Amino acid sequence: MSADQPLSSPDLPPAAKAAVGLENDQRLDPAVAKAAQLTHSLRDSATGSALRGEWMGHALHPALTDLPIGLFTAAAALDLLGGKATHPAAQKLVGLGLLSAVPTALTGWAEWSRADHRAQRVGIAHAALNVASLGLYAGSWMARRRSHHGLGAALSLAGSGITVAAAYLGGHLVTVREVASRHPAFTSAQDDAQFLPSGPGAYDTHHDLRENDHAPTQPQPPVP
């Protein structure tokens, strides 16, 4: 099935059904059209290429997402397990998470600009959840700055819940819709290559591994 065809299956788990529902939700189209106008310059420009990570061989966005998620998670850990002495550290972690979210979002929009229409619908929902989450984290940072650490911790935990939902949609985009830049060598190697001819190291594709699981075992010569 091509990426631009509707997908529907009664066997999908509820979360996956929700993601597919977003793919088919035409009510998201006005937001998609507006975002396409705003990100048009990222589609074919050198800036967009750099943000997509084409200089490093594959998408940069998935790697950068670990920064805000990791920083926010560390702050939550301090809120739940630390005492008053950890309040300043938790506030700094939240602040760093907010700062790191900026380049992370830019790389995500660069990928989104080249995605197919159904993936872009999911991307809009993904972005909206991230904005809501960051709003809660920003409120958390402000509350902590005013010494309202209990409120700050509560807002962070609420933001974490929304981040989980946003991350699920991000995973759907990468794993199901393959919204991730990659060097052409990887694409050409997916179906019929176990090693990249241009690289010094081995590259085992998932396709190769599945085939090898069912490949007959070659008899070993007897040991003299």
Side-chain angles (χ1 to χ4, degrees), residues 1-8 12 15-73 97-138 159-187 190:
M1 178 175 291
S2 65
D4 59 351
Q5 290 178 328
L7 173 65
S8 178
L12 288 174
K17 284 184 179 180
V20 171
L22 291 171
E23 290 184 4
N24 300 328
D25 194 342
Q26 297 180 2
R27 293 173 298 179
L28 294 169
D29 288 347
V32 169
K34 183 63 176 178
Q37 292 177 355
L38 296 174
T39 61
H40 178 73
S41 62
L42 298 178
R43 183 176 177 86
D44 299 309
S45 65
T47 300
S49 174
L51 289 172
R52 281 187 292 274
E54 294 174 9
W55 51 275
M56 59 184 284
H58 63 75
L60 177 60
H61 180 67
L64 289 187
T65 60
D66 288 350
L67 290 175
I69 291 176
L71 290 164
F72 291 145
T73 301
L98 289 168
L99 291 175
S100 67
V102 176
T104 303
L106 290 174
T107 58
W109 283 115
E111 292 289 348
W112 182 91
S113 68
R114 285 192 168 185
D116 67 83
H117 192 69
R118 293 185 183 280
Q120 286 184 334
R121 289 171 177 167
V122 179
I124 287 294
H126 172 70
L129 288 172
N130 280 326
V131 169
S133 174
L134 290 174
L136 289 170
Y137 283 119
S160 297
I162 298 177
T163 296
V164 170
Y168 179 84
L169 293 182
H172 178 84
L173 289 171
V174 172
T175 59
V176 177
R177 287 306 184 191
E178 299 183 347
V179 181
S181 298
R182 64 184 65 83
H183 192 279
F186 291 110
T187 302
Q190 285 296 321

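As the structure is a computational prediction, the values presented were derived from the model and not from experiment.
- Expressed to the nearest 0.5 Å, how far CD1 of Ile124 lies from CG of Leu22 amounts to 11.0 Å.
- Here Asp25 pairs with Arg27 in a salt bridge; the nearest charged N to carboxylate O distance falls below 4.0 Å.
- Distance alone, capped at 3.5 Å, places no donor-acceptor pair between the His183 side chain and the Gly57 backbone.
- Between Phe72 and Tyr137, the ring planes are parallel. Angles under 30° get that label, and only those over 60° would be called perpendicular.
- Evaluation of the side-chain hydrogen bond (donor to acceptor under 3.5 Å, both in side chains) rule for Asp29 yields His117, Arg121 as partners, not counting sequence neighbours.
- For the side-chain hydrogen bond (donor to acceptor under 3.5 Å, both in side chains) test, residues two or more places apart in sequence or in another chain that qualify with Ser49 are Glu54.
- Looking at every heavy atom in both residues, Gly48 comes nearest to Ala110 through O-CB, 4.0 Å.
- A side chain to side chain donor-acceptor pair (under 3.5 Å) with His172 is found for one member of Arg177, His126, Glu23 and no other, namely Glu23.
- The structure places CH2 of Trp112 at 13.0 Å from CZ of Arg52, a figure rounded to the nearest 0.5 Å.
- Nearest approach of Tyr168 to Ala19, heavy atoms of both residues: CE2-CB, 4.4 Å.
- Taking OG from Ser113 and CG from Asp44, the interatomic distance works out to 8.0 Å, rounded to the nearest 0.5 Å.
- Shown here for Leu106 and Leu51, the closest heavy-atom pair between the two residues is O-CD1, 4.0 Å.
- Closest non-hydrogen pair, Ile69 versus Thr73, comes out as O-OG1, 2.7 Å.
- Of all the heavy atoms in Ala119 and Leu173, the pair that sits closest is O-CD2, 3.3 Å.
- The minimum heavy-atom distance linking Ile162 with Leu129 is given by the pair CG2-O, 3.2 Å.
- Checked options His58, Arg114, Glu111; the residue passing with Ser181 is Glu111 (criterion: side chain to side chain donor-acceptor pair (under 3.5 Å)).
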Donor-acceptor list for residues 31-41 side chains, cut-off 3.5 Å, not counting sequence neighbours:
{"residue": "Thr39", "atom": "OG1", "partner": "Ala35", "partner atom": "O", "Å": "2.9"}

